[in-house]
Amino acid sequence: MDEKTFFTGNIEAVFFENPSNFYKVLLIDITDTNSDYLGTEIVVNGIIGDVIEGEAYTFFGQMTNHPKYGEQLKVDTYEKAVPSSGNGLIKYLSSDHFPGIGKKTAEKIVAAYPDDTIDAILEDHGKLNSILSPTKKSGFLKLLSQNHGMEKILSKLSEYGMPSKINFQIYDLYKQDTLDIIAENPYQLVEDIKGIGFKTADKIAADQGIEPTSNERYRAAIMHLVPTMSLATGDTYIEAKELLEYTVDLLEKSRNVEIPYDDVALAIGDLIDEGKIQQEGTKIFDNSLFFAESGIARNIQKLMLRKSDSFSKEEVASVIKEAEEDFDIEYDNLQKKAIEEALNNQLFILTGGPGTGKTTVLNGIIQSYARLNDINLDPTSYHDDVFPILLAAPTGRAARRMNELTGLPSATLHRHLGIGTDDDISTDLTDELSGSLLIVDEFSMVDTWLAHRLFESIPPSMKVIIVGDADQLPSVGPGQILADLLKVEAIPSITLDKIFRQGKNSTITDLAHSIKDGELPADFTSRQPDRSYFEVGAGQVPNIIEQIATSWKKKGNNPFELQILIPMYKGVAGINNVNKLVQDIFNPLRDGLEFNFQEISYRRGDKVLHLVNETSLNVFNGDLGFITDLVTAKYTESKQDEIVMDFDGSEVIYPRSEWYKITLAYAMSIHKSQGSEFSTVVVPMVSSYSRMLERNLLYTGITRAKKSLILLGEYNAYNQAVHKIGSNRKTYLLEQFGIERDSDIESSSVAEDAKEHEVVENPQKVDSLSSDIESNVEEIAQEVDNQPKILTKVLVDNYGVDPMIGLKESDLLIFKR
Ligand SMILES: Nc1ncnc2c1ncn2[C@@H]1O[C@H](COP(=O)(O)OP(=O)(O)OP(=O)(O)O)[C@@H](O)[C@H]1O
């Protein structure tokens, strides 16, 4: 094999570095090389860890010829250049690089390791025991491995073909023990490093000669499958028999061998005995989910044992009356009862479908609570003191809406609990919350981990009110906390069922309630003042949506107020395709600049959706924003292309390495729309969305519409959705409360009597719908015109609208705390 080209020399300059994947471009002042390269400096590039400018390194790799920049070295491996002579080494070891090591000690070290000194120490540091004290030795080894070991370890890791970011994560965790740990048990990586699944570890294990029937291998497959299955199904446990079957299947497919069931069953038993996974009867749990469920039950029971306020009927009646006067409303008996229960219990759940008065009752509870407890509801008068009523929701948009509807400060649960990103949820526990009353809205979106963090953080004196609609989709993460808690009889709850939002121009609420009850109303397909229906096949969905968007734009409407909600990403009628089409209508390429990432082109003015929680930046999963600028790499400090965005006033700048956190938002998934409302919503349903067609999905989609709703697609698909109840998630929360569960898992059923409707797949028919679409959109547009708008400069530039319209004081109040 040819000897690799190497260059030794000091790093003159770092031209480029990408912090996300450690890719670097460096300029080297050459002191030695085995190549016939004639220059005195060379540019090297590749995956390179933390290097220090001005220090000497040796880079190994292949010469390449860059069309613009000429000859460069593409780096495969590199190491810190070490003086090779005894004197040079003594000088190096006693230099500032290793504080505490003097000349004499350095001499002793070099004498103990005369050959390949640095490598020899890193391989076996035993001989240092007689030279250095234990503390000095560990400090010295740490620095030595930081300076020298890392490159060697990383270059070994890179042979396994894992992304370099993961290699650095591995090194970061195990440091100088990395290669030992991997050699001993590569499956350890599955447990320790997020992003390494069983198959990757199994590849390394095969390389290390670990037998396919080894016990470590079985254990790793089990430890990988238990949490992975919960994330995929939303269940908080897996039946032992299923776990056994899935594990054997994974083990056999990954190495193409036959695996004995009994041995895997024994491995499951061992892991249970060691407390690595939990077992209850035939159910097997990931530890974090098991302890979260038991923690939720324990904390709620503790909360309910605490003595609550006990206001007399007369006192309650009098404050309710005052609230009625404040809001110029008359609460009905159930609503009054809800206010009373909320005031007299430590924990209370308020549920109900859209328009049943949840917000109206919530405002009544807040007013009454404040009056009874002598609380000033003006947040500005608290200055540095904590406002005693905490309002929270799982998404930024839902938190903002609470603020608008109550006039009080509100924030996301993540912010209240000090959770930085989603990865933090299942780890550290937070300090207690402060305040005397906590109200959490949109509780159906709260998963088991987040609920655990929440209930763990509630101080003894705090009263808690949970609000939500259990008929909506369950949380993205495992569990169905709201639905389960509603089954715990000891927790007081009231379900509001009378629809108050009614009127001749308002049929969306009625439609939502019929869908919730499992039927499409007789007038489903006929035109209503606030909703329209277009019968078309899947192939025509994009075409109709284009027509709707074009009409919308022609009328001069704000594209931010038309939200398309689709169950799936793929396919002609999927989110990805529709996003591209609508982007070209609302925001065509104007200035020639767009950034491409994973088949999406981002342009200035684009509407974008944030996909994860980033508390420190004040942006959350489900938040909508728009692109204010695109900055090319040559003008940025990160030396990567950057997208600058505005999410409700918070400026967020992401370099290319973080673009996975956003996507276009002209169309978005119904799951991502949970917790948000939009003035006009378009919800297509076609049979190609097949397995997504479920009642709670359709219900969640249409209840996002505040003013108008455009439905299009196949009647049979809507009908199928409305008749199919998604199977309940398997959870163990009720048992943790000591409640025996009925076998209440409802089976899915599609009504046999689905009415046959003609599906339009004929372009002429679609054309004939055009005038209908125009007139429908025009009427809808008038409705929307009456709404407040939050617009900023980009909208002025792109759509010619006034930025100051509709900026309300409440928008400024949000997150003030
Ligand atoms: N007792 C009542 N008398 C008259 N109107 C009422 C009453 N309760 C609620 N409403 C009205 O019904 C409408 C819906 O109420 P509200 O917004 O509180 O319901 P919601 O359950 O929060 O709805 P959504 O979940 O859709 O936001 C409002 O216009 C409200 O003023």
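Note that ligands are numbered from 1 as they come in the structure, with each ligand's atoms numbered from 1 the same way.
If you look at Gln335 next to ligand 1, the close heavy atoms, those under 4.0 Å, all belong to the side chain. Under 4.0 angstrom from ligand 1, the non-hydrogen atoms of Ile329 all belong to its side chain.
Residue contacts with ligand 1: Pro354 is placed with no nitrogen or oxygen under 3.5 Å of a nitrogen or oxygen of the ligand (distance criterion only). Distances between N or O atoms of Gly357 and those of ligand 1 include at least one value under 3.5 Å.
Annotation: Phe620 is not in aromatic contact with His610 [ring centroid separation under 6.0 Å not met].
Between Phe626 and Phe560, the ring-plane angle classifies as perpendicular under the 30° and 60° cut-offs.
Within the listing of ligand 1, atoms 21 (O) sit less than 4.0 angstrom from a heavy atom of Gly353. Near Lys358, with a cut-off below 4.0 Å to any heavy atom, the atoms of ligand 1 are 18 (O), 19 (O), 20 (P), 21 (O), 22 (O), 25 (O). Close approach of ligand 1 to Glu330 is summarised as follows: ligand atoms under 4.0 Å from at least one heavy atom of the residue are 1 (N), 2 (C), 3 (N). Near Tyr331, meaning under 4.0 Å from any of its heavy atoms, are these atoms of ligand 1: 1 (N).
Between Arg401 and Glu442, at least one side-chain nitrogen of the basic residue sits less than 4.0 Å from a carboxylate oxygen of the acidic one, meeting the salt-bridge criterion.
In this structure, Gly352 falls outside the shell of residues with a heavy atom less than 4.0 angstrom from ligand 1.
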